[in-house]
Amino acid sequence: MPFLSDVEINSLINSSEPIIKDIDLSQSIGNINSRIQPCSVDLSVGLIFLPSAEPKEKLEDYPRVERYSLPVGASVRIETKEAFHLPNDIGGIAVAPARVSRRGILISDTGHIDPGFKGKIRLTLINFGNSDFLLEKNHTIATVLLFRLNSKPESDWSSLTNNVDTPYSHGLDDIKYLAADLLSVEKRATHAASKEAKRALGEAGWRYALFTVFIPILLGILGAYGLEQLVFAQRLAKIEGQLEKTNEDATSNETSKAIERISDRMYLIERSILLRDEEE
Ligand SMILES: O=c1ccn([C@H]2C[C@H](O)[C@@H](COP(=O)(O)OP(=O)(O)OP(=O)(O)O)O2)c(=O)[nH]1
């Protein structure tokens with residue numbers, strides 16, 4: 001099964017019955033940006049069909065655009081700009097171009113193109129990367145290796161489909177099965193963020209209480225009993241050190257333990273002041 005070279009592909013595209021229509025031939029073979037590569041053809045984005053959170057009744061109800069920034073975890077259906085008009089002895093294998101897959105974009109249904117296939121190719125793209133991926137009309141989105149069969153098939157795509165041109169809805173009407181936000185990234189991110197915010201607020205609340213309530217009360221007690229600061233300076237230094245450590249603690253569990261230790265110390269200080277007062 002020999003693959004077609006750039007020379008063969010070029011002559012079949014430029015023949016009286018072109019095997020690919022609507023292809024941009026402004027860059028000639030030998031140019032890195034040429035649509036015709038050594039043994040393949042690059043296909044580009046034509047239309048972008050956006051799935052909907054709520055499945056719609058008709059294909060026409062789904063938004064279609066020529067430019068779209070595909071969010072992380074989202075999927076779209078793409079129709080190529082180019083249309084195949086393959087004879088019955090030429091088939092193709094569609095693969096994702098490296099520049100697309102390197103960005104974490106999975107093309108879920110690249111596969112074979114039947115000999116005799118007539119029409120545009122429809123692809124499903126899912127963004128598994130960590131950043132939005134810009135899709136735009138004329139951007140390369142698939143690479144197709146073309147091959148010639150060793151012998152003619154008894155039945156090609158055209159005869160399988162009763163020689164009717166591939167219907168517009170072919171490979172598009174299943175858009176209703178696509179999830180708008182495949183990995184529910186947005187939902188999960190919001191949940192994680194609100195959980196983290198609650199945790200942070202909880203810890204901050206404790207720290208705020210320590211600084212604004214307990215410490216002033218303690219200092220008030222010290223002042224009221226006229227005790228020399230030197231007597232308690234060492235203990236206060238320990239409390240401050242403990243508070244600093246509390247700020248650095250990574251988990252709420254560690255924070256709670258540190259707060260417990262500080263509270264115990266404060267209780268002991270308070271008791272020692274009261275005992276001293278009774279003795280006097
Ligand atoms: O990613 C692809 C792969 C193929 N095709 C086209 C060319 C192919 O000749 C035709 C049928 O492909 P396939 O035989 O793989 O699909 P099927 O599920 O067997 O048939 P159908 O799509 O009619 O259900 O669809 C696409 O549009 N997109």
Side-chain angles (χ1 to χ4, degrees), residues 1 3-4 9 12-13 17-23 35-37 39-51 55 58-60 62 64-66 68 70 74-128 133 135 137-179 182:
M1 181 189 66
F3 286 109
L4 303 188
I9 296 169
L12 286 165
I13 289 176
E17 289 185 28
I19 62 164
I20 303 174
K21 292 183 177 171
D22 298 326
I23 185 165
R35 290 259 159 248
I36 302 171
Q37 292 290 303
C39 73
S40 61
V41 187
D42 283 345
L43 303 182
S44 58
V45 174
L47 273 178
I48 305 156
F49 294 78
L50 309 180
K58 290 180 277 136
L59 177 60
E60 290 70 31
Y62 286 90
R64 65 199 65 187
V65 291
E66 290 188 351
Y68 182 63
L70 183 64
S75 55
V76 282
R77 201 101 174 95
I78 295 266
E79 177 185 81
T80 57
K81 184 179 143 234
E82 302 78 7
F84 282 99
H85 273 246
L86 294 181
N88 65 359
D89 62 342
I90 292 181
I93 300 166
V95 295
R99 73 179 85 167
V100 174
S101 46
R102 272 201 303 262
R103 287 282 310 272
I105 304 300
L106 177 79
I107 305 185
S108 71
D109 52 0
T110 47
H112 72 285
I113 300 164
D114 290 286
F117 181 79
K118 291 181 177 55
K120 294 172 186 250
I121 297 295
R122 277 80 191 247
L123 307 159
T124 304
L125 269 65
I126 307 163
N127 187 351
F128 279 108
F133 183 77
L135 291 164
K137 192 174 178 155
N138 298 322
H139 279 190
T140 300
I141 203 61
T143 296
V144 176
L145 296 126
L146 292 165
F147 56 87
R148 197 182 294 276
L149 301 186
N150 292 333
S151 59
K152 294 204 185 242
E154 187 183 301
S155 178
D156 71 353
W157 172 264
S158 295
S159 53
L160 283 175
T161 53
N162 298 323
N163 286 316
V164 179
D165 263 12
T166 310
Y168 173 67
S169 61
H170 179 260
L172 280 180
D173 48 6
D174 50 8
I175 191 169
K176 56 181 174 284
Y177 300 116
L178 288 188
L182 195 77

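Throughout, numbering of the chain's residues begins at 1 and tracks the sequence. Whatever order the structure lists ligands and atoms in, that order sets their numbers, starting from 1. Quick note: numbers below take in every heavy atom, side chains included, and nothing from hydrogens, waters or symmetry partners.
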Report the nearest protein non-hydrogen atom to [atom]: residue, atom name, distance rounded to 0.1 Å.
atom                    : value
atom 15 (O) of ligand 1 : His112 CE1, 3.2 Å
atom 22 (O) of ligand 1 : His170 NE2, 2.8 Å
atom 1 (O) of ligand 1  : Asp109 O, 2.4 Å
atom 5 (N) of ligand 1  : Ile121 CD1, 4.0 Å
atom 11 (C) of ligand 1 : Trp157 CZ3, 3.5 Å

So, does [X] use its side chain to make a donor-acceptor pair with the main chain of [Y] at under 3.5 Å?
X      : Y      : value
Lys81  : Ile23  : no
Asn88  : Asp156 : no
Ser159 : Ser155 : no
Ser75  : Ala179 : yes
Ser158 : Gly116 : yes

Could you tell me whether [atom] has at least one protein heavy atom nearer than 4.0 Å?
atom                    : answer
atom 13 (P) of ligand 1 : yes
atom 20 (O) of ligand 1 : no
atom 9 (O) of ligand 1  : yes
atom 27 (O) of ligand 1 : yes

Lys120 N/O to ligand 1 N/O under 3.5 Å
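Min N/O separation from ligand 1 is not below 3.5 Å for Lys120.
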Using distance alone, decide if ligand 1 has a nitrogen or oxygen within less than 3.5 Å of any nitrogen or oxygen in Arg122.
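Yes, there is a polar N/O contact under 3.5 Å.
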With a 4.5 Å limit on heavy-atom distance, are the side chains of Glu79 and Arg64 in contact?
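No; the side chains remain at least 4.5 Å from each other.
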Number the atoms of ligand 1 from 1 as they appear, then name those within less than 4.0 Å of a heavy atom of Thr110, with their elements.
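That gives atoms 1 (O) of ligand 1.
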Would you mind running through ligand 1 and noting each atom that sits below 4.0 Å from a heavy atom of Leu123?
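Heavy-atom distances to Leu123 below 4.0 Å select 1 (O).
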Out of curiosity, Asp42 CG to Thr80 OG1, how far, rounded to the nearest 0.5 Å?
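Nearest 0.5 Å value for the CG-OG1 distance: 12.0 Å.
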CD1/Ile141 to OG1/Thr110 distance, rounded to the nearest 0.5 angstrom?
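OG1 of Thr110 is found 11.0 Å from CD1 of Ile141.
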Within a radius of less than 6.0 Å around CD of Glu60, do more than 12 heavy atoms belonging to other residues, nucleotides or ligands occur?
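Yes, CD of Glu60 has more than 12 neighbouring heavy atoms, counting only those of other groups under 6.0 Å.
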